[in-house]
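Please read these numbers as outputs of a predicted model, since none were measured by experiment.
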Amino acid sequence: MDITIKNGLASVVCQTHGAQLLSYQTSEGKEYIWQRDEAYWGKSSPVLFPFIGPVSKPVVIHGKSYDMPRHGFVKDAEFQVVEQGDDFVVLKTEMSEFSSSVYPYDFEFTVTFRLNGARLEVVYGVVNRGSEEMPFLIGGHPAFFCPMEEGEKFTDYILHFEDADKEDVHLEYSLFDEDAIFFENFKQRTVELIHQETKKGIHFEFPGYLSVAFWTPVKKSAPFLCIEPWNSGTMEQVPDTNMLEKKYVQYLPAGQSKDYPFSFSPC
């Protein structure tokens, strides 16, 4: 089921299947979210939990092996609407027979979409309903059109960080020949995907995350770029399927909850 929220400046569409973000449009009708084309990539913003990365072999948690799907299983779960208003919606999923077969923890996972002016705020909420500490990895994967205007090229865009020690990244498809590129050790957890001359694009903040990756499909010259806030390891660690050896693995005590926010707006 698709759900629309809106205010005077923007409208957003998400779906209950996987709590995936499908659309972000300004009040003028300009779309920023990639509109899913199987020729390049048939998704727009999968939710990554409780694992991030490929799974060439079973994921190991405390010495036991589990057949975890790539990037976890929440992206394929059906969510329920637990609260909704004109400009926000809260979606929820929880432990199921399938999830317990690949991840041995009793959890609740919520996704909140909320428009605050032109800014879309997205919060992933995790609750440990079990009796033992719960490890997990978590991240977002929203895809933005790039280029964003007719007549522009992918290579016209840059990634601009507020941290003085991180230089602008001038986009080239060859940067992604080995899959995603990864950044960590931020003071200001913000990045802008902008045209290098007009400075127009997306302002993205990820205060709930310790790293960020950027991805576009390998050797497809796809007209989009994903901005992926992660609590997960470096690209060199991604093939490692021992969850507890991952950098930035999260540990949530029994009975506790934690929110993981990110947000974006046109700039």
Inset, instruction - Before giving the answer on side-chain contact (heavy atoms from CB on, under 4.5 Å), spell out for R189 and Y209 the whole-Å C-alpha distance, their side-chain angles and the decisive distance to 0.1 Å. - result: CA-CA 8 Å; R189 298 178 192 176; Y209 300 86; 5.8 Å; no
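- No close placement of the Y24 and F144 rings is indicated, their centers lying 6.0 Å or farther apart.
- With a 6.0 Å radius and a threshold of 12 heavy atoms from other residues, nucleotides or ligands, E167 has its CD atom at or below the threshold.
- The shortest side-chain heavy-atom distance between S221 and F154 does not fall under the 4.5 Å cut-off.
- Taking the ring centroids of Y32 and F264, they lie at or beyond the 6.0 Å cut-off.
- The distance from the NZ atom of K187 to the OG1 atom of T190 is 13.5 Å, given to the nearest 0.5 Å.
- Note that the NE2 atom of H17 and the CG atom of D76 stand 5.0 Å from one another [nearest 0.5 Å].
- Residue M148 is tested with I202, T198, I194 for a side-chain contact (heavy atoms from CB on, under 4.5 Å); the sole match is I202.
- Paired with Q25 under the rule side-chain hydrogen bond (donor to acceptor under 3.5 Å, both in side chains), one option of K30, K6, E31 passes, and it is E31.
- Contact of the V59 side chain with the Y103 side chain is not registered, since no non-hydrogen atoms from C-beta on lie closer than 4.5 Å.
- Looking at heavy atoms from C-beta onward, Q35 lies in side-chain contact with I33 at the 4.5 angstrom threshold.
- Within the 4.5 Å cutoff, the side chain of F51 has no heavy atoms near those of the S232 side chain.
- No close placement of the F107 and F136 rings is indicated, their centers lying 6.0 Å or farther apart.
- The only member of T4, L22, L115 that meets side-chain contact (heavy atoms from CB on, under 4.5 Å) when paired with V12 is L115.
- Of the candidates W230, F186, Y260, F186 is the only one forming a ring-ring contact (aromatic ring centres under 6.0 Å, His included) with F206.
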Inset, instruction - Go through the steps for Y157 and E152 under the test side-chain contact (heavy atoms from CB on, under 4.5 Å), then give the verdict. - result: CA-CA 9 Å; Y157 281 74; E152 296 177 347; 2.4 Å; yes
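- Contact annotation: the side chain of L21 never approaches that of V122 to less than 4.5 Å [non-hydrogen atoms, C-beta and beyond].
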Legend entry - Trace of the salt bridge (charged side-chain N to carboxylate O under 4.0 Å, His left out) decision for K200 with E149: CA-CA 10 Å; K200 291 183 177 180; E149 302 287 351; over 6 Å; no
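- At a cut-off of 3.5 Å, with distance as the only test, no side-chain donor of S174 or E172 sits close to an acceptor on the other residue.
- Atoms CD1 and CG, on I181 and L175 in that order, are 5.5 Å from each other to the nearest 0.5 Å.
- H71 contributes a side-chain N or O that, together with a main-chain N or O of G53, makes up a donor-acceptor pair within less than 3.5 Å.
- Not one N or O on the side chain of D156 forms a donor-acceptor pair closer than 3.5 Å with the backbone of H195.
- Using a 4.5 Å heavy-atom threshold, the side chains of K75 and H141 count as separate.
- Of all the heavy atoms in I5 and G85, the pair that sits closest is CG2-O, 4.1 Å.
- Smallest separation of non-hydrogen atoms from G18 and F79: C-CE1, 3.7 Å.
- Side-chain contact between P58 and Y66 is absent, with no heavy atoms from C-beta onward closer than 4.5 Å.
- Here the CD-CD distance, from Q237 to E245, works out to 9.0 Å after rounding to the nearest 0.5 Å.
- Put simply, CZ on R36 and CH2 on W41 are 10.5 Å apart, with the number rounded to the nearest 0.5 Å.
- Cluster membership for V13 and F113, using ILVMFWY side-chain heavy atoms within less than 4.5 angstrom, is not shared.
- Among all heavy-atom pairs drawn from A222 and T216, the shortest one is CB-OG1, 3.6 Å.
- Annotation for D177: atom CG counts as buried by contact number, over 12 foreign heavy atoms lying within 6.0 Å.
- Formation of a donor-acceptor pair under 3.5 Å by the Q20 side chain with backbone atoms of S44 is found in this model.
- Side chains of L137 and Y248 form no contact here, defined as non-hydrogen atoms less than 4.5 Å apart.
- In this pair, F161 and F214 present their aromatic rings perpendicular. The plane angle is above 60°, beyond the 30 to 60° band.
- Not a single donor-acceptor pair under 3.5 Å links the side chain of D168 to the backbone N or O of I158.
- The nearest pair of heavy atoms linking P54 to R70 is CB-NH1, 3.2 Å.
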Legend entry - side-chain contact (heavy atoms from CB on, under 4.5 Å) evaluation trace for E132 with Y105: CA-CA 8 Å; E132 59 183 329; Y105 297 96; 4.1 Å; yes
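- Inspection of the T16 and E78 side chains reveals an N or O donor paired with an N or O acceptor under 3.5 Å.
- You'll find the ring centres of F262 and F204 inside the 6.0 Å limit.
- Residue K199 places its NZ atom among more than 12 non-hydrogen atoms of other residues, nucleotides or ligands, all under 6.0 Å distant.
- Side-chain atoms of N231 come within 3.5 Å of backbone atoms of L210 as a donor-acceptor pair (strictly under, hydrogens ignored).
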Inset, instruction - Go through L91 and V81 one step at a time and tell me if the side-chain contact (heavy atoms from CB on, under 4.5 Å) criterion holds. - result: CA-CA 5 Å; L91 308 175; V81 178; 3.6 Å; yes
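- Within 6.0 Å of atom CD in E108, more than 12 heavy atoms from other residues, nucleotides or ligands are found, so the atom counts as buried in its surroundings.
- P229 and P142 make their closest contact through CD-CD, 4.5 Å (heavy atoms, listed as atom of the first residue, atom of the second, distance).
- Without hydrogens or angle criteria, N7 side chain to L9 main chain gives a donor-acceptor distance under 3.5 Å.
- Remark: E228 CD to I52 CD1 distance equals 8.0 Å, nearest 0.5 Å.
- The shortest non-hydrogen separation linking A254 to G130 is CB-O, 3.3 Å.
- Aromatic ring centroids of F49 and Y124 lie 6.0 Å or more apart.
- Of the candidates E192, R119, H160, H203 forms a side-chain hydrogen bond (donor to acceptor under 3.5 Å, both in side chains) with just one, namely E192.
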